[in-house]
Amino acid sequence: MPSVEHWLVKTEPNVYSIDDLARDRSTDWSGVRNYQARNFLKAMAVGDQVLIYHSNAEPPGIVGVGVVLKEATPDRTQFDPKSELFDPKASQAAPRWFCPEIKFVQKLKKQVSLGELRGCKALAELVLLQRGSRLSVIPVSEKHFQTILEL
DNA sequence: GCCAACGTTGGC
DNA sequence: GCCAACGTTGGC
């Protein structure tokens, strides 16, 4: 299995934006409740680079960069009955959901919109752009990562 | 294990 | 707000 070192994570800016991350310096990337996305979160290693994407935004697009500060640990929100993210099927002994800690690196001077990504031929294979990709955590090749930063 | 019903995501 | 594309749930 190839070692993946670049990722893209989605967040809704009205829930947690790149500016929130810049203010907090780092955060537990909690709240992911999709198994495939979870598996990617668990695969993240310290030092991996992460593109931050704003979904449900106007316009949607990539807005910044982070780096993995700590590998995934159990997502505490799954144990909290008062949290909307509470999962009654999870237990301390058998946690279902995990989150890494992601540190702010930079906010892009100019966001790269979804439209611009689609317009870039070199990014045609980016998972984000493939049909109906709703996955909130996506592996990105180094080539694509660099291409996006150059946009 | 199948699949219909339902819920969610996220662009538009 | 609409709706296509998925994911999940639960009856059988």
Side-chain angles (χ1 to χ4, degrees), chain A residues 1 4 6-24 26-44 48-68 71-102 104-141 143-151:
Chain A
M1 195 167 75
V4 187
H6 301 79
W7 307 91
L8 180 149
V9 296
K10 296 183 187 174
T11 182
E12 298 189 30
N14 56 350
V15 176
Y16 194 86
S17 73
I18 187 70
D19 292 323
D20 293 324
L21 182 60
R23 181 200 62 219
D24 294 343
S26 75
T27 190
D28 286 330
W29 206 261
S30 61
V32 171
R33 294 294 183 267
N34 170 284
Y35 288 105
Q36 204 182 342
R38 178 201 68 181
N39 293 341
F40 286 139
L41 288 179
K42 288 174 83 169
M44 289 184 182
D48 283 3
Q49 292 182 286
V50 182
L51 295 166
I52 313 288
Y53 177 92
H54 276 177
S55 59
N56 275 321
E58 191 46 53
I62 291 164
V63 291
V65 181
V67 64
V68 176
E71 289 183 22
T73 54
D75 180 341
R76 287 192 301 275
T77 60
Q78 72 192 299
F79 306 127
D80 179 3
K82 292 192 292 289
S83 169
E84 291 197 358
L85 296 165
F86 175 65
D87 184 344
K89 292 179 187 158
S91 67
Q92 296 277 354
R96 275 190 163 189
W97 308 111
F98 295 80
C99 57
E101 188 170 355
I102 292 181
F104 177 76
V105 173
Q106 62 160 322
K107 182 178 176 178
L108 299 184
K109 290 189 199 79
K110 190 175 77 68
Q111 100 162 39
V112 182
S113 72
L114 182 59
E116 291 172 275
L117 294 172
R118 288 225 163 90
C120 180
K121 252 182 134 183
L123 296 175
E125 286 171 35
L126 189 69
V127 177
L128 174 74
L129 305 180
Q130 284 163 19
R131 59 173 197 126
S133 173
R134 298 161 37 198
L135 204 55
S136 60
V137 183
I138 293 166
V140 176
S141 71
K143 194 187 267 183
H144 285 163
F145 187 90
Q146 295 304 335
T147 301
I148 289 165
L149 289 187
E150 285 159 19
L151 284 176

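Chain letters run A, B, ... following the sequence lines, proteins first and then strands; every chain starts at 1.
OP1 or OP2 of C:dT9 lies within a sub-4.0 Å distance of a side-chain N or O belonging to A:Lys89. Residue A:Lys10 has no polar side-chain atom (N or O) positioned under 4.0 Å from OP1 or OP2 of B:dT9. Using a 4.0 Å cut-off, no side-chain N or O of A:Tyr35 falls inside it from OP1 or OP2 of C:dC6.
Rounded to whole Å, the distance from CD on A:Glu12 to P on B:dT9 is 7 Å. Going from atom CD of A:Glu58 over to atom P of B:dC12 covers 9 Å, rounded to whole Å. Between the CG atom of A:Asn14 and the P atom of B:dG11 there is a distance of 12 Å, rounded to whole Å. Here B:dG10 presents its P atom at 11 Å from CG of A:Leu114, a figure rounded to the nearest Å. What separates CG of A:Leu117 from P of B:dC12 is a distance of 11 Å, to the nearest Å. Here B:dG10 presents its P atom at 13 Å from CZ of A:Arg118, a figure rounded to the nearest Å. Following rounding to the nearest Å, A:Leu85 (CG) and B:dG7 (P) show an atom-to-atom distance of 18 Å. One interatomic measurement links the two molecules: CZ of A:Arg134 to P of B:dC12, which rounds to 16 Å at whole-angstrom precision.
Under the side-chain contact (heavy atoms from CB on, under 4.5 Å) criterion, A:Thr73 pairs with A:Lys70, not counting sequence neighbours.
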Output, in order, the C-alpha distance, side-chain angles, deciding distance and verdict of side-chain hydrogen bond (donor to acceptor under 3.5 Å, both in side chains) for A:Arg134 and A:Ser55. CA-CA 10 Å; A:Arg134 298 161 37 198; A:Ser55 59; over 6 Å; no
Assess whether salt bridge (charged side-chain N to carboxylate O under 4.0 Å, His left out) is satisfied between A:Arg76 and A:Asp28, documenting all intermediate values. CA-CA 9 Å; A:Arg76 287 192 301 275; A:Asp28 286 330; 3.5 Å; yes
Donor-acceptor pairs are to be reported for all side-chain atoms of residues 114-127 of chain A against protein atoms at under 3.5 Å, with residues two or more places apart or in another chain.
from     : atom 1 : to       : atom 2 : distance (Å)
A:Glu116 : OE1    : A:Ser113 : N      : 2.9
A:Glu116 : OE1    : A:Ser113 : OG     : 3.2
A:Glu116 : OE2    : A:Lys110 : NZ     : 3.2

